[in-house]
Amino acid sequence: MTNTFTPRVFSGIKPSGGLTLGNYLGAIKRFVGMQGEMETIYCVVDLHAITVWQDPAELANATREVAAGYLAAGLDPEKSILFNQSQVSGHAELAWIFNCVARVGWMNRMTQFKDKAGSNAEKVSLGLYAYPSLMAADILLYHATHVPVGEDQKQHVELTRDIAQKFNHDFKSDFFPITQPVIDGPATRVMNLRDGSKKMSKSGESDMERINMLDDADKIAKKFKKAKTDPEPLPETLEGLKDRPEARNLVDIYAALSDTYSDAVISEFAGAGWGKFKPALADLAVDRLAPISDEMRRLMDDKAEIDRILKQGADKARAIAEPVLEKTYDLVGFLR
Ligand code: TRP
């Protein structure tokens, strides 16, 4: 018997440090765009955040900031479920079962772990190593069929598919869906403004390498004006950006902010120098981000309201998760 699964979207953002333009273009903006197309569940993944040390007060603040970011960008709590992961205990419970399904060899192939642990692999937390198994639990606890993510998370969604397949095979069921990663749009990977080979990250050393969602107009303009580029003007075709990662990144950001594609931006700016392109990009970014950051600030001043929305979302999430977890326990042979 083959199960049919209701189309359902799940994705998550980690509350560690503040939100960046990378989170907005690569995740939040795309998530909000999927609202109404299918059932959508969006999570602030606080259990994932503590795989590296988080100051408790800052974790609480970052959790509210991510929630405010989703809401300010247009997430409607009536249309989507929005909650923080630790309020639904099923994530941790299913992750344990998946720890016993996934193989150590699979985890050893995870490139993000290798990058993050580096030469320090003996000293990182056990949680950081098991992180992809928790991510599989996040997705499969809701039988999610579609997961919008950035390029860097593709391998984790593939692992989720492997875990679902092995579970289904081991327990002779068709219980978990084989989830699709959804990786589209011009800015699924927003890069660092000072080094186009690195992802824009909230934890990088210099504030100049990223745009924070709460940066004011002057800061945004200054950061784009100082962004690293090369001496060449913009080319006639997208092909011409092939070995110019910093230039390519700024064009992709422009395209994503203006809801178009990078080749359309190139046609518009073909032959233009940075003296023309950067101020246009800064103006566009300020224009698009200012209303969102104003709304984020307003929301952040009303903590009780954010907490209420998260709790309501958690109640709805739990109602979907509980029967899935119960059935999983039955399949595994746990008595209750
Ligand atoms: N690992 C993701 C990231 O670092 C965040 C995440 C956790 C996630 N659980 C998820 C994304 C489930 C999609 C689905 O960006």
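When a ligand or atom number is given, it counts from 1 through the structure's own listing order.
From the protein, the heavy atom lying nearest to atom 4 (O) of ligand 1 is Tyr131 OH, 2.9 Å. Residue, atom and distance of the protein heavy atom nearest to atom 12 (C) of ligand 1 are Phe10 CE2, 3.5 Å. Closest protein heavy atom to atom 2 (C) of ligand 1: Gln153 OE1, 3.3 Å.
In Val149, the part holding a heavy atom less than 4.0 Å from any atom of ligand 1 is the side chain. Only the side chain of Ile139 comes within 4.0 Å of ligand 1, judged by heavy-atom distances.
Side-chain N/O atoms of Gln35 and Thr40 include no donor and acceptor closer than 3.5 Å. A donor-acceptor pair shorter than 3.5 Å cannot be found between the side chains of Asn212 and Tyr24.
When each atom of ligand 1 is checked for a heavy atom of Val45 under 4.0 Å away, the hits are 7 (C), 9 (N). Of all atoms in ligand 1, numbered sequentially from 1 with element shown, those under 4.0 Å from a heavy atom of Val147 are 13 (C), 14 (C).
In summary, Arg318 and Asp315 engage in a salt bridge, as defined by a charged side-chain N under 4.0 Å from a carboxylate O. In summary, Arg297 and Asp294 engage in a salt bridge, as defined by a charged side-chain N under 4.0 Å from a carboxylate O.
For the pair Asp138 and ligand 1, the shortest N or O to N or O distance falls below 3.5 Å. Ligand 1 has no nitrogen or oxygen under 3.5 angstrom from a nitrogen or oxygen of Gln112.
Remark: Lys166 engages Asp170 in a salt bridge (Lys or Arg N to Asp or Glu O under 4.0 Å) (not counting sequence neighbours).
Aromatic ring orientation, Tyr254 versus Phe277: tilted (interplanar angle from 30° to 60°).
Between Pro181, Ser11, Gly26, Gly12, it is Gly12 that holds the heavy atom closest to atom 5 (C) of ligand 1.
The side-chain hydrogen bond (donor to acceptor under 3.5 Å, both in side chains) contacts involving residues 7-21 comprise Arg8-Glu39, Thr20-Asn23, where partners must be two or more places apart or lie in separate chains.
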